[in-house]
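Each remark here refers to the structure printed beneath this line.
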Amino acid sequence: MMLEKLNPEQRAAVTLEPQHALVLAGAGSGKTRVLTTRMAWLIQTGQASPFGLLAVTFTNKAAREMLARMSAILPIDTRGLWIGTFHGLCNRMLRAHHRDAGLPQSFQILDVTDQLAAIKRLMKANGVDDEKFPPRDVQRFINGAKEEGLRPPDVEAYDAHRRRLIEVYQLYEAQCQREGVVDFAELLLRAYELLSRNAPVREHYQRRFRHILVDEFQDTNTLQYKWLRLLAGGGAAIFAVGDDDQSIYAFRGANVGNMADFERDYAHGTVIRLEQNYRSFGHILDSANALIGHNTGRLGKNLWTDQGEGEPVRVIEQPSDGMEAQWIVDEIRSLIHEGSLRREIAVLYRSNAQSRVLEHAIFSAGIPYKVYGGLRFFERQEIKHALAYLRLMANPHDDTSWMRVVNFPTRGIGARTLEQLADAARAHDTSLYGAVALVAGKGGSNLAQFAQLIHRLIEETRDLPLPEVVEHMLETSGLNAHYKAEREGAERLENLNELITAAAVFASEENYDGMPAGVVPEQATSSTLMPGVVDAPIVASDGLTPLAGFLSHAALEAGDNQAQQGQDAVQLMTVHAAKGLEFDAVFITGLEEGLFPHENSILEASGLEEERRLMYVAITRARQRLYISLAQSRMLHGQTRYAMRSRFLDEIPEEHLKWLSPKAGLAPVSSTGAGWGGGNRGDAFGRKATNTIAPRQPRGVATGVTVGDKQYRVGQGVHHARFGDGTIIGLSGAGQDAQAEIQFRDVGAKTLALGIAKLDIVQG
DNA sequence: CTGCGTGACTTTTTT
DNA sequence: AGTCACGCAG
């Protein structure tokens, strides 16, 4: 049946006895297929009921894909399954047991922006010095603590500064509790505490879930791991799939160590390696293997393919970032000319700042492209405003939302008034909404009118279907009018209209396969499991009003930031954003020391290793063709910076690479940390015999050129601020485009654009 | 309250 | 370079 298409390792993983297991799934080894087939197999062989499974992912996209593949294999109603993101599943639990968790049923979810605003407001109200305690740092501190599972009393207070942070954390918690709001980390921590403190609820879920499946296990943080362990405490088998070599989110709390811990504590010997790669050709895969081999402490894994060597990885060094971009454009053109689909070509970069030049070049060339990342739908300013109104309608005591729109569109409510309101609210321990009556008192004040507006919105939309609620709010709040009047408001108006559509889609999906909100299907009620504990309903709305359901949907799924399907465009994105994707042709750009690996990470071994994993992820995105490029000079923060070739290039064996430009000079730093000049692999001053010059590079033999007021000729001595002394050994091009190949005494040969590089001519 | 000027920032980011 | 938040003057 469904096992036929699997290789032996995949099959072994899928058909494993119910026991803890760690599946080390390399890039392109069929990880998602194994995960979904495993679930289908458990169900089909009668070893598990669909309701006895819990599968958890990090992104909504991954969860959706899993559901889609599941329903393709098994004709069951996937809607009731506990398949979702950590946050989505915790949200579901908390809604169902909100009383036990100490939350109002319609608690609102703060995204990062809301959270920061809430922290700023709180700090102001309590006179916390925002110079000594930058709100962003406070936010990081609070989230960091929560992700470790720590409440304020649990955090170690080793100095005064730290003690103050803990106080702010404490105040923040009280504020959230008062307002009935919950941040992302709180969703997880609350759910964890609910399970650990409430025995009936815990035992209920422990008995229910016999199989827990985890995707991208290398990305779990400490709290997520604790949550999983708790859930599995009743004897459930954890099936964890991950790849330690693709752990690239340590900077936001992911703990790769969870994999080793899991193996030691649970999986013991049961580690299955998926090492056959179905994506890339040999040269690409071997490059990735060689590179990642420089990391220490890996769980160990070597990808292989039976697809053959394929083409070597093409590498080129260009004089500037602009020329790098231009070269990529030319190469993309010829790929398209050869019949490649644009959407099968990806241009990857380490940091977003690099996208500008690339975008500019691709745009100028008239090639359709799409940049991933940036603002997502529910994060747009106008959408956040609209959502704030909706949230106030669901809960007028949500001060964060109140502050966001109390004077937007402007209605003459200034900072002064709001300060008084905040004071009154604090004095009477109530929300801003609750304090309105205490302040101006008179019904005619702007403030009272705003409170009245919210009240009216609630009344007037009471019996309306969700999309009409949104529509009515947009009109009555004045948002529509505001953006209509604004010069650049057309797009925002469109987005607001889109919000009505989103609400309609959300509402229809609720009704679509039929389960009215609040109805608990029989299988899921399972009061037999734990008498007295009513299971979380399986419908997305979870018994909430449609509005509250929509709001939590909006918070948990910020919408696409990806290229729309069907549009054939070249894909531009950061390496991080590329994780999980694959393309026929991939360009990895900016392979320069300080950029990739990034300078902020090279001081620490762990940082450098994460950068290397990042490069590993980048390489393994490519199916057929891989290009790696670097630029000698690059505009960064307003000034031109010069960099040397990334050490990562020297960690890939020559046999897999094809240099399209002269490979010159020493490797910057040996990967073993031996220092300058270390990684030289025997070609210090030589150039490869197979040199080919990039097609578009200005060529032409010249013995002397004039650039600006300077004359250059072969054999001349020059000095460069960064590279030191050298001798011109070749010249090409003319005028501002002229390039010189220079043999530097200390750093080897480099090709520099004479119009860009600042060279001094050394006499004699 | 609004508009504009100044200064500080700038790795990666999902929920 | 470019963005963005904040502070001051109108």
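Chain A is the first sequence line, chain B the second, and so forth, proteins listed ahead of strands; every chain is numbered from 1. Being a predicted model, the structure only gives us computed values, none of them experimental.
- With respect to Asp244(A) and Arg298(A), no salt bridge is recorded, no charged nitrogen being found less than 4.0 Å from a carboxylate O.
- Residue contacts shown for Lys579(A) are absent, as no nucleic acid heavy atom lies under 4.0 Å away.
- With rounding to whole Å, Leu116(A) atom CG is found 15 Å from dT13(B) atom C1'.
- In this structure, the ring of Phe184(A) has its center less than 6.0 angstrom from the ring center of His87(A).
- Between Arg376(A) and Asp111(A) there is no salt bridge, since no side-chain nitrogen of the basic residue lies less than 4.0 Å from a carboxylate oxygen of the acidic one.
- Using a 4.0 Å heavy-atom distance criterion, Asp111(A) is classed as making no nucleic acid contact.
- Spacing between atom CD of Glu419(A) and atom P of dC1(B) amounts to 12 Å, rounded to whole angstrom units.
- Only one option out of Leu189(A), Asn221(A), Thr222(A) pairs with Glu147(A) in a side chain to side chain contact (heavy atoms under 4.5 Å, CB included); it is Asn221(A).
- Taking the six-membered ring for Trp and the full ring otherwise, the centers of Tyr349(A) and His576(A) sit at least 6.0 Å from each other.
- Residues from residues 139-146 of chain A with heavy atoms under 4.0 angstrom of DNA chain B: there are none.
- The pair Glu593(A)-Arg645(A) fails the salt-bridge criterion, with no side-chain N (NZ, NE, NH1 or NH2) lying under 4.0 Å from an Asp/Glu carboxylate O.
- Which of dC1(B), dT15(B), dT12(B) sits closest to the side chain of Thr410(A) comes down to dC1(B).
- Using a 4.5 Å cut-off on side-chain heavy atoms (C-beta onward), Leu188(A) and Gln224(A) make contact.
- Annotation: proximity of residues 246-253 of chain A to DNA chain B (heavy atom, distance under 4.0 Å) is found for Tyr249(A), Phe251(A), Arg252(A), numbered in ascending order.
- Using a 4.0 Å heavy-atom distance criterion, Val575(A) is classed as making no nucleic acid contact.
- Remark: aromatic rings of Tyr483(A) and His385(A) are distant, center separation not under 6.0 Å.
- In this entry the distance linking CZ of Phe378(A) with C1' of dT14(B) reads 16 Å, nearest Å.
- Listed pair Asn91(A) / dT15(B) fails the phosphate criterion, with no side-chain N or O lying under 4.0 Å from OP1 or OP2.
- In this structure, Leu348(A) reaches neither bases nor backbone, as no heavy-atom distance under 4.0 Å exists between it and the strands shown.
- Using a 4.0 Å cut-off between a side-chain N of Lys or Arg and a carboxylate O of Asp or Glu, Arg356(A) and Glu359(A) do not qualify as a salt bridge.
- Of the side-chain N and O atoms in Asn352(A), one or more sit less than 4.0 angstrom from OP1 or OP2 of dT13(B).
- Note on ring orientation: taking the six-membered ring where Trp is involved, the planes of Tyr249(A) and Phe251(A) are tilted (angle from 30° to 60°).
- Here Glu592(A) does not pair with Arg641(A) in a salt bridge; the nearest charged N to carboxylate O distance is not below 4.0 Å.
- Bounding nucleotides for the chain A contact on DNA chain C, 5' to 3', at a heavy-atom distance below 4.0 Å, are dA1(C) to dC6(C).
- Residue Asn407(A) is in sugar-phosphate contact alone, with no base atom involved, counting any heavy-atom pair closer than 4.0 Å across all strands shown.
- Taking side-chain N and O atoms only, Arg376(A) has a distance below 4.0 Å to OP1 or OP2 of dT15(B).
- Inspection of the Arg411(A) and Asn446(A) side chains reveals no N or O donor paired with an N or O acceptor under 3.5 Å.
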